[in-house]
**Student:** 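Here it is, the structure, as structure tokens.
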2 protein chains.
Amino acid sequence: MDRVDWALLGALQEDARLSYNELARRVHVSPPTVAQRVRRLENAGVITGYRAAVDPTAVGRPVIALVRMKCYGPRCITVHPELLDDCPEVVEVVRLTGDICSVVKVVTTSISELERLLVRLGGYGETSSAMVLSTPIPWRPVTAG
Amino acid sequence: MDRVDWALLGALQEDARLSYNELARRVHVSPPTVAQRVRRLENAGVITGYRAAVDPTAVGRPVIALVRMKCYGPRCITVHPELLDDCPEVVEVVRLTGDICSVVKVVTTSISELERLLVRLGGYGETSSAMVLSTPIPWRPVTAG
DNA sequence: CGTGAAATACAATAAGC
DNA sequence: GCTTATTGTATTTCACG
């Protein structure tokens, strides 16, 4: 992780579709070197994927919520996330320290769909939900800082 | 948003670096059609960007936390997110309904750096933090479902 | 580990269906 | 609005320093 690696990481976090030529220009190394470095970062697990970011509202899923879970013992969704494989509305689950065992981000078409999902999640634990009004900072790159 | 658009969205959420040729092969339309459709999705605000996903642990930032904020009146960070412009550790802020005004995701190198950040955030409101133990579901694509 | 030069593959435009 | 064809450029691999 030298200065070149961080520059590549920064550029790819801002725009994952930049070509190796364009990256080479910005980082001031040759295109093959860029290709080699990027592959190294991928294989080392630093870059875990490249994703198009989709605005849920723009595709008819304007109802977003964060659900805090206190799971009932061994069926905890943090240890069995596959329980949610048939819930495409669930887009993220993070396991936490403290009395809240996880926070689940859900993206739904409507309040009633959200309600159905909360019923489903309620089967795994105590839920407490809050709707997302907006996302003042949707993301930030991880930097060398 | 017909079936082809959803297929393109799905493919680009899984791998944002797929070429138009490769996308054309998978979705069974011609490359120029892919280019046209993808550009339409970008301009319509459906695709808001393409980002490389970075594993914070792999770059020396293993201490991740979710901080719930109850801001003090008008200096609420949800209405003035620029207050956090000089905090690169803050990677996401979502505004919520309910008594918690926002949840802030922070990515830090160490517990002591997390502590410094909590002091800073404490200047804007009451904080309640929980550390991220793992991410059982780090993300999921938005689908036609 | 980095650079340079080869063949291959890709993107973009324009024209036609 | 989708496809085919063409042109120019980008990407990749290999060989070399």
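Quick note on labels: first sequence line is chain A, next is B, and so on, each numbered from 1.
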**Student:** Taking 4.0 angstrom as the limit, do B/R25 and B/E22 come out as a salt bridge?
**Tutor:**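 Looking at B/R25 and B/E22, the cut-off is met.
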**Student:** Tell me which nucleotide among C/dA11, C/dG2, D/dC2 gets nearest to the side chain of A/Q36.
**Tutor:** C/dG2
**Student:** Taking only Lys NZ, Arg NE, NH1 and NH2, and the carboxylate oxygens of Asp or Glu, determine whether B/E89 and B/R120 approach each other closer than 4.0 Å.
**Tutor:** no
**Student:** Is there a side-chain polar atom (N or O) of B/N21 under 4.0 Å from OP1 or OP2 of C/dC10?
**Tutor:**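 Indeed, a polar side-chain atom of B/N21 lies that close.
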**Student:** Does the side chain of B/S30 get closer than 4.0 angstrom to OP1 or OP2 of D/dC2 through an N or O atom?
**Tutor:** no
**Student:** Please determine whether a side-chain nitrogen of the Lys or Arg among A/R140 and B/D85 lies less than 4.0 Å from a carboxylate oxygen of the Asp or Glu.
**Tutor:** yes
**Student:** Starting from P on C/dG2, measure out to CG on A/D2 and report it in whole angstrom.
**Tutor:** 7 Å
**Student:** With side chain to side chain contact (heavy atoms under 4.5 Å, CB included) as the test, pick out the partner of B/V90 among B/V67, B/L83, B/V104.
**Tutor:**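 Of the listed options, the one satisfying the test is B/V104.
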**Student:** Within this structure, what is the CZ-to-C1' distance between A/R40 and C/dG2, rounded to whole angstrom?
**Tutor:**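 So the CZ-C1' distance, A/R40 to C/dG2, works out to 13 Å.
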**Student:** Reading DNA chain C from 5' onward, which residue's closest nucleotide shows up sooner: B/P31 or A/V29?
**Tutor:** A/V29
**Student:** Does a side-chain N or O of B/R37 approach OP1 or OP2 of D/dC2 to a distance below 4.0 Å, or not?
**Tutor:**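 The answer is yes; a side-chain N or O of B/R37 sits under 4.0 Å from OP1 or OP2.
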**Student:** With a 4.0 Å limit, can you tell me whether A/R39 has a side-chain N or O closer than that to the phosphate oxygens OP1/OP2 of D/dT12?
**Tutor:** no
**Student:** Rounded to the nearest angstrom, tell me the gap between atom CG in B/L23 and atom P in C/dA11.
**Tutor:** 8 Å
**Student:** Find the distance A/R3:CZ to C/dC1:P and express it as a whole number of Å.
**Tutor:**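 In whole Å, C/dC1 P and A/R3 CZ are 19 Å from each other.
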**Student:** Tell me what B/R25 touches on the nucleic acid: a base, only sugar-phosphate, or nothing, going by heavy atoms under 4.0 Å.
**Tutor:** sugar-phosphate
**Student:** Reckon B/S19 touches a base, only the sugar-phosphate, or nothing at all at heavy-atom distances under 4.0 Å?
**Tutor:** sugar-phosphate
**Student:** Using the side-chain heavy atoms of A/P32, tell me which of these nucleotides is nearest: C/dC10, C/dT13, C/dG4.
**Tutor:**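 In terms of side-chain proximity for A/P32, the closest of C/dC10, C/dT13, C/dG4 is C/dG4.
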